Amino acid sequence: MDEPARRERLAEIAPDLIDELEAEAETDEHVLPDLPDAEPGAVVMRAAPNPNGPWHMGHARMPAVIGTYKERYDGEFICRFDDTDPETKRPDLDAYDAILEDIDYLGFEPDRVLKASDRVETYYEHARELIDLGGAYTCDLPGEEFSELKNAGKPSPNRDKDPETVREEFEAMVDGEYAAGEMTLRVKTDIEHKNPALRDWVAFRIVDTPHPREEAADYRCWPMLDFQSGIDDHLTGVTHIIRGIDLQDSAKRQRFVYDYFGWEYPEVLHWGHVQIDEYDVKMSTSTIKSLIEDGELTGWDDPRAPTIRSVRRRGIQGEAIVESMTELGMSTSDVDLAMSSVYANNRDLVDDGANRYFLVRDREDDPAVERDVVGGPEAGHPPLHPSHEDRGDRTIPAGRVVVEESDLPANGDRVWLKGFGCVRHVRDAFEYVGDDIDMVREEGVDVVHWVPADESLETLMRGVEGDVRGRAEPAIADADVDTVVQFERVGFVRVDAFDPEPADGAGGPTGEEDLVVYYAHP
RNA sequence: GCUCUGGUAGUGUAGUCCGGCCAAUCAUAUUGCCCUCUCACGGCAAUGACCUGGGUUCGAAUCCCAGCCGGAGCACCA
């Protein structure tokens, strides 16, 4: 009895059990916990990336989780670029679109896209209001001096300035009358708060370096993340903030501002850092950036880089990443994501569509070896997909063939060239023995992949572990660029290009190849 | 140093709030078997965990205390 039949039968004998079964199946699909106090149709969340480069794998967690909740609660997904530091975390002008593209690849589309650097006037207005409420003061103490006072629980001498002076000095900050480091605007919190991290934090500071965006290049007085983000979350109606544990204290800091304004703070969830196994390269935007600049990596989509673009180029579906990311749950402890989990999800997605081809690898420790085939048909005809015979067969010319050395049988032994037939290794040649499949089924002859020596394509297979060269069967020329195929007994790859241009960095095509593929996973 | 926060199989996760149905769930991983002209897909099975020590209790992964180990913040970064 198959699944639908079983269900039908159950519906006849115990209709109430069916409801129970369906209810269970539904909750099981929710890998992520329910959001606290979430009203369907009234959930607003934001991803707040810093646009300082394309995303690495760790960044995928935010859109994956927000997007998944958005779908569950029919909520809103805001993408807000927190680009308020033109200097130390200087925005990269290409990164805004690069990040939106990465989100799109993951299968989500933000309902709104905002840039903090467009909203500076709004932050100024709220700063003025906060000053009038007595909630902020201008402070000209050097950071180190303030830090000492703060750690001792002692106030800055500027703390009790009257609002008029504060207002004047803040306007002077806005007007660019101070140089970097000369003046800040601090939020008046509780200078004796038991957590030193919350004491009178900086809301605005002066940055001399102009913002790279032309629209924002004239501003010198910039808000700090906690101020900007706190104001924006309220103004854009964010109901649920999801962020990393590095921002654990942010909510506590921002609450002081919310209290001054009489606002209600959103629900907050924190999660730990994600580490990903399998990569040698550290998962950090700046590290990857400098490796690319040094030519160690061929770009953001180099298969050795732990970036979204890299796995995308390898033919891994965004959905596979989203599934793995949501499976990580929402725990506050640091987690390791096993790439094998992404691979397992991806195999599910691509196996059915991936046509099969042969690639004979030529590696130092397992070189490709050529042999003449004596006798037998002119070509082999393995199917394009074992589960879809309707897709037809490939044609692989025999004659002189190439196999991987480790697949070469000892002299006098037999091997089955898949889709062709059984041959015996005799005096450096393959003598055709026949096509009786019982030799495989009952006599234990191994089945191996092979390609013709002459008609095959010079192939470069790029992967996490580095580049591998080899020869692909001619029929792969029928595969479209950008499709995922499976090299039997090797793994899934994405067809990247035919007759590729040479690359400049370390690794990549030399220009002599007929085909470049990117290796996804076994 | 001060302040947060966390510790369930290799990895991730459920269970912890409201103690018993938990000799602990699911996924992935690994191994073996079946299927198979792929080491894919599919099917079956095995492996493998409650940080430690006390306490409360008839009973503790769950409550309490202490300890150990980890992560984060204490920036004019995000």
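Every chain is numbered from 1, with letters handed out A, B, ... down the list of sequences. The structure presented is a predicted model; accordingly, all values stated were derived computationally and were not measured.
- RNA chain B contains the following stems of three or more consecutive Watson-Crick or G-U pairs, with both distances under 3.5 Å: B:1-7 with B:68-74, B:10-12 with B:26-28, B:29-34 with B:42-47, B:51-55 with B:63-67.
- A:Ile245 comes within contact range of the sugar-phosphate backbone alone, with a heavy-atom separation under 4.0 Å but no base atom that close.
- Remark: the separation of the P atoms in B:rC26 and B:rA45 is 11 Å, to the nearest Å.
- Only the P atoms considered, B:rC74 is 34 Å distant from B:rU16, to the nearest whole Å.
- Remark: A:Lys150 is in phosphate contact with B:rA75, judged by side-chain N or O atoms under 4.0 Å from OP1 or OP2.
- Residue A:Leu349 is out of contact with every strand shown, counting any heavy-atom pair closer than 4.0 Å.
- Contacts between residues 177-191 of chain A and RNA chain B, counted as heavy-atom distances below 4.0 Å, involve A:Gly181, A:Thr184, A:Arg186.
- Here B:rA40 presents its C1' atom at 16 Å from OH of A:Tyr357, a figure rounded to the nearest Å.
- Residue-level contact check: A:Ser147 touches the backbone only, with heavy atoms under 4.0 Å from sugar-phosphate atoms and none from bases.
- Of all nucleotides listed (B:rC37, B:rG73, B:rA78), B:rC37 comes nearest to the side chain of A:Trp416.
- Shown for residues 318-337 of chain A: residues whose heavy atoms fall under 4.0 angstrom of RNA chain B, namely A:Glu327, A:Leu328, A:Ser331, A:Thr332, A:Ser333, A:Asp334, A:Val335, A:Asp336.
- If you check every strand for non-hydrogen atoms under 4.0 Å, A:His273 touches sugar and phosphate atoms only.
- Only the P atoms considered, B:rG1 is 33 Å distant from B:rA14, to the nearest whole Å.
- Checked against B:rA78, B:rG73, B:rA40, the side chain of A:Asp249 finds its nearest nucleotide in B:rG73.
- Scanning atom types as modelled, one donor and one acceptor separated by under 3.5 angstrom connect the side chain of A:Arg356 and the base of B:rA40.
- Across all strands, A:Ser250 comes closer than 4.0 Å to no nucleic acid atom at all (heavy-atom distances).
- Looking at heavy atoms from C-beta onward, A:Glu319 lies out of side-chain contact with A:Asn345 at the 4.5 angstrom threshold.
- The separation between A:Trp55 atom CH2 and B:rA78 atom P is 18 Å, rounded to whole Å.
- A:Asp348 comes within 4.0 angstrom of the backbone, heavy atoms only, and of no base.
- Note on A:Asp246: a base of the nucleic acid sits closer than 4.0 angstrom, heavy atoms only.
- Looking at heavy-atom distances under 4.0 Å, A:Pro142 makes contact with a base.
- A:Trp450 places its CH2 atom 17 Å from the P atom of B:rC37, with the value rounded to the nearest Å.
- Note on A:Phe492: only backbone sugar-phosphate atoms sit closer than 4.0 angstrom, heavy atoms only; bases stay farther off.
- Side chain A:Lys418 to base B:rC37: no donor-acceptor pair is found below 3.5 Å.
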